[in-house]
Amino acid sequence: MREEILRLLSDDHNHERTIQDLTRIFKIKSEDFANFMKLLNQLEDDGEIVRDQFNQYFTPESLGYFKGILQLNKKGFGFVKVAEDKEFFVRSNLVNGALNGDTVIIHKLNDDPHSDEASIVRVLEHNIKDVVGLVVKLKGKTYVNADDSRIGQIRINDAHIKGAMPGHKVIVHITSYKPLRGDIVEIIGHKNDPGVDILSIVYDHGIHIDFPEEVYQQVENIPDEIDPAGMKGRTDLRDMLIVTIDGDEAKDLDDAISLRKLENKHYELGVHIADVSYYVEEGTPLDLEAVDRGTSVYLVDRVIPMLPHKLSNGICSLNEGVDRYTISCFMEIDQKGQVVDHRILPTVIHSTHRMTYTNVNKILDGDQEMRKKYADSVELFETMKELSDILTRARNIRGAIDFDTDEAKIIVDEKGKPIDVQLRVRGESDRMIESFMLAANETVAEHFKWLDVPFIYRVHETPKKNKLEQFLAIAKPLGYNIHGSLDDIKPKELAKIITKSKGKPEHPVISTLLLRSMQKARYSELCLGHFGLADEYYTHFTSPIRRYPDLLVHRLIRNYLFNENYSNIEHFAEVVPQLADSSSDCEKRAVDTEYDVDDMKKAEYMSYHIGEKFKGIISSVTSFGFFVELPNTIEGLVHITDLADDYYIYDEKQLMLIGQRTRKMYRLSDTVEVIVKDANKLEKQVDFVDANNYAKSRKPRRAKHSSIAHPTSRKHKEHRGQRTHTRARRRGGKR
């Protein structure tokens, strides 16, 4: 009935739209009238239909109404996306109390087909339920100033202050939206207490730190050592030379490596992954909490784990010198880097060494002290390097794209104060482990694709044509072009651009711009391939301690391969798509949290360097100025009103600012010297001025804009948000 009503009302030639018309058309009997009205009211509440002043029903679009999600700017205006390629601009005075992320109904302001302005007429669903902010007192009343300036100030209900005092950071549950009122539900701590700034961001993203009591109770029953009963059916690898290689501070060691050369000159690579699914059974409190978390969250001074420490750092972690249950993927790889045979087995291992990237890099660089200390494994590491080079060469031949974007490492003291921001350095051992994890993920994905059972894949789809056209508009003036049709682009063509730009000043910009043109990787029940890796088959198998999809992959391996159980195919066909969607959402939440913390700490770090000079490159140009990225990845805005020597016009096609009188240009990848003007920790923003084009005492100049109707700092958020590709390396060091 629902679809039939919508189909009728979407017909422009239909003129029968009153309740009387509809009851007659659909032959509604008197006893069914009440339920029919409930359905119409529900459709109206959902924004699927609207009523005009004559009580006639229409689809929203036919009357200039649209349903979409509001993306609100900190200055008060916003954008509502109503289709893949269509969005409307909403001025601050027409937002009508809606908050960022709300599902809203908008009304187009005029009949001009080229107009993209609208007003919000109704909020269908509020996105924000809980808010983090600072307690203040005004005229004896308690308020909370939300950390998100787009929300503003919330009046606290007098009966629900919970002892919070001015200066406390708290969580508020909103009880009324017009006006904004709420109850304080938790006190995070005083704003000046160490770590409260990070906790505020964590809570603001809805991430839980403590586990529910029922999870702790379940974990209490899990032993600290492996249960001998679990040995049945496992291949015993405890006498094999097997090592883990991770970051210096890593405690959740979920992958280990073995490697040997075969008589036919092939390599037998063993990737041994912690058998987390042995301990985390489907439907238990531990499993349901892992689904809710989706992934571990890696912050500058802490990790919020997906699984309790007893598992993540204990019985599931492949610690040196202890027996651990694993699922092993053995791959026979030829001299061309092709996997010619493989086995997936339940195993038990005894890690020989807990190696770090730093120490393995030293061994490969010839450090004699380190080579002597690990004399029993030097040949293993050299063979790893040999095979890694072969696998890398094979990926390059097939066209895998290595964006190789820089990532920051933020150093904080014991009180959480940032004392340095450095570039993370990736050595040979980092690349080796990444190569081996990629090979295992690809092998497992292909195995299950041909098994043709419900499974979860990591997919990265082909870039959209319009995104590539935007990239080319910027890249062509810098000397880069794409050969062939954009409708059927191959990864190899984009990989050539990255390779061509390496070693040149514009490489970081080209790499970032191309990364922005990519679709975001996600999880899916469909095997859609991985464009960036130029691979038909890909999944996540290698990190079940910190990612739920990997844990699910292990559960499916155990079910189909080890237990040979195919009776529950319908069950997995139903739950896998749901878990794929929730895992993608949790990954986005975690990445957003990690970047918000990074950006906050970077802004705090720069607040100690106000007035100092730095050299960087222009990483993005907008109608309101340009962003400059320093060598350590800190990024700040040079606002157009701080350019003192001229009026600057924005050339949207060439992405540059041009002085109207001087013809001076600010272009992508240009090197500039900047002075830190301001840094706002709460807003997570840094402001620069051009050291050679700035007058301290003057009246701000009005900017001229050539081709953009509504300049917005939303661009900065988009620029930041496209860096999630590199987060895989930061979040555990492996893809």
Side-chain angles (χ1 to χ4, degrees), residues 237-238 240-261 267-276 296 298 303 312-313 316-324 326-331 333 347 349-367 369-392 395 407 409 424-443 540-547 550 726 728-735:
L237 306 177
R238 286 177 289 183
M240 183 177 287
L241 176 58
I242 295 177
V243 300
T244 62
I245 306 177
D246 290 272
D248 291 12
E249 299 172 0
K251 294 181 176 63
D252 49 350
L253 315 180
D254 48 14
D255 59 88
I257 300 295
S258 64
L259 182 63
R260 66 189 181 103
K261 281 187 176 179
Y267 299 84
E268 184 188 71
L269 171 65
V271 175
H272 314 279
I273 308 300
D275 189 357
V276 180
S296 297
Y298 291 81
V303 177
S312 60
N313 296 357
C316 291
S317 185
L318 308 183
N319 300 326
E320 178 181 304
V322 294
D323 296 346
R324 289 290 184 260
T326 48
I327 293 180
S328 299
C329 179
F330 283 100
M331 293 158 279
I333 303 173
T347 53
I349 71 166
H350 187 94
S351 176
T352 310
H353 295 299
R354 189 276 197 235
M355 300 298 300
T356 66
Y357 294 125
T358 301
N359 288 343
V360 174
N361 288 337
K362 287 180 179 179
I363 290 171
L364 295 174
D365 289 339
D367 185 298
E369 182 180 346
M370 211 47 80
R371 290 173 75 89
K372 183 177 180 180
K373 182 178 180 179
Y374 296 104
D376 62 338
S377 304
V378 169
E379 184 180 353
L380 170 66
F381 300 135
E382 290 176 341
T383 307
M384 284 184 182
K385 171 69 166 61
E386 207 175 281
L387 177 59
S388 174
D389 288 344
I390 291 172
L391 291 171
T392 300
R395 285 198 304 275
E407 189 178 357
K409 180 180 181 181
R424 289 181 180 270
V425 178
R426 295 181 69 230
E428 285 295 339
S429 62
D430 302 69
R431 297 183 180 89
M432 283 164 23
I433 294 301
E434 185 173 0
S435 283
F436 300 155
M437 298 304 114
L438 289 172
N441 288 333
E442 292 163 358
T443 300
H540 274 167
F541 157 75
T542 55
S543 295
I545 290 177
R546 64 182 180 90
R547 290 188 306 224
D550 306 56
T726 60
R729 293 171 182 158
R730 155 82 176 275
R731 306 176 71 246
K734 298 132 191 175
R735 294 196 189 191

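Keep in mind the model is a prediction, meaning the values are calculated, not measured.
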task: Using distance alone, with no hydrogens and no angle criterion, decide if Ser429 and Asn361 have a side-chain donor and acceptor under 3.5 Å apart.
output: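 Yes, a side-chain donor-acceptor pair sits under 3.5 Å.
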message: Distance alone, cut at 3.5 Å: any donor-acceptor contact between the side chains of Tyr267 and Glu386?
response: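 On atom types as modelled, these side chains qualify, holding a pair under 3.5 Å.
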Rounded to the nearest 0.5 Å, how far does [atom2] of [Y] lie from [atom1] of [X]?
X	Y	atom1	atom2	value
Glu249	Tyr298	CD	OH	12.0 Å
Asp246	Leu318	CG	CG	9.0 Å
Leu387	Met432	CG	CE	9.5 Å
Leu253	Asn313	CG	CG	8.0 Å
Thr352	Arg238	OG1	CZ	13.0 Å
His353	Thr244	NE2	OG1	10.0 Å

If you define the side chain from C-beta out and look only at heavy atoms, does anything of [X] sit under 4.5 Å from [Y]?
X	Y	answer
Thr383	Arg260	no
Pro544	Ile273	yes
Val271	Ile257	yes
Tyr374	Val360	no
Met355	Phe381	yes
Arg431	Thr392	no

field: Candidate pair Ile327 and Phe541, rule side-chain contact (heavy atoms from CB on, under 4.5 Å), full reasoning
entry: CA-CA 10 Å; Ile327 293 180; Phe541 157 75; 4.0 Å; yes
- prompt: Should Thr358 and Asp248 be marked as a side chain to side chain donor-acceptor pair (under 3.5 Å) after you check the CA-CA gap, both sets of side-chain angles, and the distance that decides it?
  reply: CA-CA 7 Å; Thr358 301; Asp248 291 12; 3.3 Å; yes
query: Is Ser377 reaching over with its side chain to a backbone N or O of Leu380, donor-acceptor style, under 3.5 angstrom?
result: no
task: Please check if the side chain of Asp367 supplies one atom and the backbone of Ile363 the other of a donor-acceptor pair under 3.5 Å.
output: no
- prompt: Salt bridge between Glu382 and Arg371, side-chain N to carboxylate O under 4.0 Å?
  reply: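 Here Glu382 pairs with Arg371 in a salt bridge, since their nearest N and O are under 4.0 Å apart.
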message: Using the rule given for side-chain contact (heavy atoms from CB on, under 4.5 Å), can you reason through Thr542 versus Asp254, listing the C-alpha separation, both sets of side-chain angles and the distance that settles it, and then say yes or no?
response: CA-CA 7 Å; Thr542 55; Asp254 48 14; over 6 Å; no
For [X] against [Y], the heavy-atom pair lying closest together:
X	Y	value
Thr443	Ala439	OG1-O, 2.8 Å
Asp550	Ser543	OD2-N, 2.8 Å
Ala256	Ile242	CB-CG2, 3.5 Å

message: Aromatic contact between His272 and Phe330, with the criterion being ring centroids under 6.0 Å apart: yes or no?
response: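 Between His272 and Phe330, the centre distance is under 6.0 Å.
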- prompt: Please walk me through it: do Ser435 and Arg395 pass side chain to side chain donor-acceptor pair (under 3.5 Å)?
  reply: CA-CA 9 Å; Ser435 283; Arg395 285 198 304 275; 3.0 Å; yes
task: Go through Lys261 and Glu268 one step at a time and tell me if the salt bridge (charged side-chain N to carboxylate O under 4.0 Å, His left out) criterion holds.
output: CA-CA 6 Å; Lys261 281 187 176 179; Glu268 184 188 71; over 6 Å; no
- request: Let me see the working for Asp365 and Lys362 under salt bridge (charged side-chain N to carboxylate O under 4.0 Å, His left out), right down to the final yes or no.
  value: CA-CA 5 Å; Asp365 289 339; Lys362 287 180 179 179; over 6 Å; no
message: What verdict does the side-chain contact (heavy atoms from CB on, under 4.5 Å) test give for Ile245 and Met384, after you've listed the backbone C-alpha separation in whole Å, the side-chain angles of each residue and the deciding distance to 0.1 Å?
response: CA-CA 12 Å; Ile245 306 177; Met384 284 184 182; 4.0 Å; yes
- prompt: Is there a salt bridge (charged side-chain N to carboxylate O under 4.0 Å, His left out) between Arg546 and Asp252 once you walk through the steps?
  reply: CA-CA 8 Å; Arg546 64 182 180 90; Asp252 49 350; 5.7 Å; no
field: Over 12 non-hydrogen atoms of neighbours within 6.0 angstrom of CD in Glu320
entry: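 Atom CD in Glu320 is packed in, count exceeds 12.
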query: Between Ile349 and Met240, is a side-chain contact (heavy atoms from CB on, under 4.5 Å) present by the stated rule, with each step listed?
result: CA-CA 8 Å; Ile349 71 166; Met240 183 177 287; over 6 Å; no
